[in-house]
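Written below as structure tokens is the structure these notes are about.
FYI, side chains are in, hydrogens and waters are out, and symmetry mates aren't considered; it's all heavy atoms of this structure. Residues: numbered from 1 along the sequence shown.
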Amino acid sequence: MLLKNKTAVWVLGLPLMAVFIWSFNIAVTRYVAEFISPVSISFYRWLLAFILLSPFMLPRVWKNRAVIRPHLKQLAVLSAFGMVLYQGLAYTAAQHTTATNMGIINAFIPVFTVLVSWIILRDRPNRFALIGSALSFFGLLYVMGQGDLHRMLQLGVHWGDVLMVLAVFFYAFYGVFLKKWQLKLVLLESLYVQIAFSLLYHLPFIFWLGLDRLNQHNLMSVVYAGIFPSIIAPLVWMLAVQKIGPNRTSIFMNLMPICTAIIAYLWLNEAWTIAHTIGGLVILSGILLAQKKPTPLLTVRMDAQRD
């Protein structure tokens with residue numbers, strides 16, 4: 001019995017580890033914004049991940065190329081949304097907003113996923129999803145307006161917050177496309193091919209904008225981004241999904257705003273305001289409500305008959 005409890009605690013530590021790595025990466029993204037351009041750190045990040053994975057994954061991908069080839073277009077789309085648009089916009093947003101705001105906005109992914117699923121999969125949301133989405137959106141506006149919605153309408157919002165919202169919206173497409181296609185590929189092989197596509201997508205931007213040099217100010221941030229959130233966190237997260245299921249695992253994502261805020265407060269000296277508290281609680285409440293499933297009418301009637 002004791003062994004089972006220890007195993008359970010260890011398994012629950014997997015999604016916590018992934019959330020911490022991703023939260024810390026948001027703080028790293030904000031920190032390094034002053035030392036390297038968004039396109040440069042994004043390119044270096046995926047280049048490092050590609051180099052580290054190649055000795056293990058390149059032979060496997062080549063061996064299974066007949067299975068992978070029919071899905072190349074789909075992998076290219078996933079790479080564009082999940083690795084280039086999402087991460088590139090996030091790096092750009094970091095130059096104009098705080099890590100705390102980025103973490104809070106990042107928690108909006110489940111709500112956007114509900115809306116995108118409605119558009120692409122015709123998966124009509126239930127009343128809880130609609131109400132929860134509206135509630136979360138109000139909380140998001142409250143955070144972006146720093147607690148003053150009227151002032152936000154007059155002066156506008158931070159450009160960085162808008163970019164982060166757009167990044168999160170694109171990432172929702174990534175999740176929905178994964179659900180729609182349900183590719184029968186080895187996850188690591190899929191990740192490796194997507195990274196390869198992301199490097200190709202970066203080339204036009206590098207030719208146009210140039211590539212910053214690595215130095216003592218940005219090197220460790222690039223190394224962290226290329227190893228931990230790019231390789232370790234996805235692996236740990238996928239293992240958690242296998243062990244405790246996708247629904248239970250996804251709940252841990254709600255801890256990301258809190259975790260990011262703590263890291264940003266301790267490391268970047270960012271302030272946590274009452275607006276963050278109120279808006280964050282409203283967003284979290286909406287997300288939890290959006291995940292609630294309505295009780296089937298038949299079940300309700302049967303329970304009523306039993307009574």
Side-chain angles (χ1 to χ4, degrees), residues 15-42 44-46 48-49 81-113 136 139-140 143-144 146 157-172 174-175 217-218 220-234 236-237 250 252-273 275-277 279-280 283-284 287:
L16 286 174
M17 183 188 303
V19 166
F20 176 80
I21 291 174
W22 283 321
S23 299
F24 195 80
N25 187 58
I26 292 177
V28 169
T29 299
R30 179 64 189 91
Y31 167 78
V32 81
E34 301 176 9
F35 304 111
I36 191 171
S37 68
V39 66
S40 295
I41 186 174
S42 183
Y44 283 133
R45 167 188 180 171
W46 297 119
L48 178 58
F81 280 96
M83 297 181 177
V84 180
L85 290 172
Y86 169 70
Q87 198 60 64
L89 286 171
Y91 282 126
T92 306
Q95 298 182 324
H96 306 283
T97 189
T98 65
T100 302
N101 277 24
M102 292 174 67
I104 292 175
I105 295 172
N106 208 72
F108 212 69
I109 289 176
V111 173
F112 272 144
T113 301
S136 292
L140 179 63
V143 171
M144 294 172 64
Q146 301 177 20
V157 298
H158 287 120
W159 178 236
D161 290 340
V162 175
L163 288 176
M164 194 62 200
V165 170
L166 189 59
V168 167
F169 181 67
F170 281 132
Y171 194 80
Y174 178 83
H217 298 295
N218 58 37
M220 293 308 299
S221 298
V222 170
V223 171
Y224 177 84
I227 297 176
F228 289 91
S230 301
I231 300 176
I232 296 179
V236 170
W237 188 262
S250 64
F252 285 85
M253 289 296 290
N254 296 327
L255 297 174
M256 187 175 290
I258 300 172
C259 194
T260 303
I262 294 173
I263 296 171
Y265 174 78
L266 295 175
W267 182 28
L268 304 177
N269 296 318
E270 291 187 2
W272 178 269
T273 67
H276 289 118
T277 300
I283 292 174
L284 180 59
I287 291 172

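Looking at every heavy atom in both residues, I21 comes nearest to A233 through CG2-CB, 3.8 Å. Closest approach of L89 and A167 over heavy atoms only: CB-CB, 3.6 Å. Of all heavy-atom pairs between F20 and C259, the closest is CD1-SG, 3.8 Å. The shortest heavy-atom contact between A99 and I26 is O-CG2, 3.6 Å. What you find for A93 and M164 is that their closest heavy atoms are CB-N, 3.8 Å. Of all heavy-atom pairs between A90 and T29, the closest is O-CG2, 4.0 Å.
Of the possible donor and acceptor atoms, none in the side chain of Y174 sits under 3.5 Å from a partner among the backbone N and O of M83. S230 places a side-chain N or O within donor-acceptor distance of the main-chain N or O of A225, the cut-off being under 3.5 Å. Checked by atom type and distance alone, the side chain of E270 never pairs as donor or acceptor with a backbone atom of A264 at under 3.5 Å. A distance-only check finds a donor-acceptor pair linking the side chain of T260 to the backbone of M256 [under 3.5 Å].
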Derivation and outcome, side chain to side chain contact (heavy atoms under 4.5 Å, CB included), residues N101 and R30
CA-CA 11 Å; N101 277 24; R30 179 64 189 91; over 6 Å; no
Take V19 and W237 through the test side chain to side chain contact (heavy atoms under 4.5 Å, CB included) and record every step on the way to the result.
CA-CA 9 Å; V19 166; W237 188 262; 4.1 Å; yes
Side chain to side chain contact (heavy atoms under 4.5 Å, CB included) evaluation trace for F112 with Y171:
CA-CA 9 Å; F112 272 144; Y171 194 80; over 6 Å; no
For L166 and F170, what are the C-alpha separation, side-chain angles and deciding distance, and is it a side chain to side chain contact (heavy atoms under 4.5 Å, CB included)?
CA-CA 6 Å; L166 189 59; F170 281 132; 3.7 Å; yes
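How far NE2 of H96 is from CG of D161: 11.0 Å, rounded to the nearest 0.5 Å. Taken to the nearest 0.5 Å, the OH atom of Y31 stands 10.5 Å off from the CE atom of M220. The distance from atom CZ of R45 to atom CD1 of I227, rounded to the nearest 0.5 Å, is 11.5 Å.
The neighbour count for Y224 OH, taken as heavy atoms of other residues, nucleotides or ligands under 6.0 Å away, is above 12. Under a cut-off of 6.0 angstrom, the local environment of OH in Y86 is crowded, with over 12 non-hydrogen atoms contributed by other residues, nucleotides or ligands.
Using a 4.5 Å heavy-atom threshold, the side chains of L85 and F169 count as separate. Looking at I41 and N218, their side chains never come closer than 4.5 Å, going by heavy atoms from C-beta outward. Side chains of N106 and M102 form no contact here, defined as non-hydrogen atoms less than 4.5 Å apart. Using a 4.5 Å heavy-atom threshold, the side chains of F24 and V28 count as touching.
Partner S23 forms a side chain to side chain contact (heavy atoms under 4.5 Å, CB included) with one of I263, I258, I262 and no other, that one being I263.
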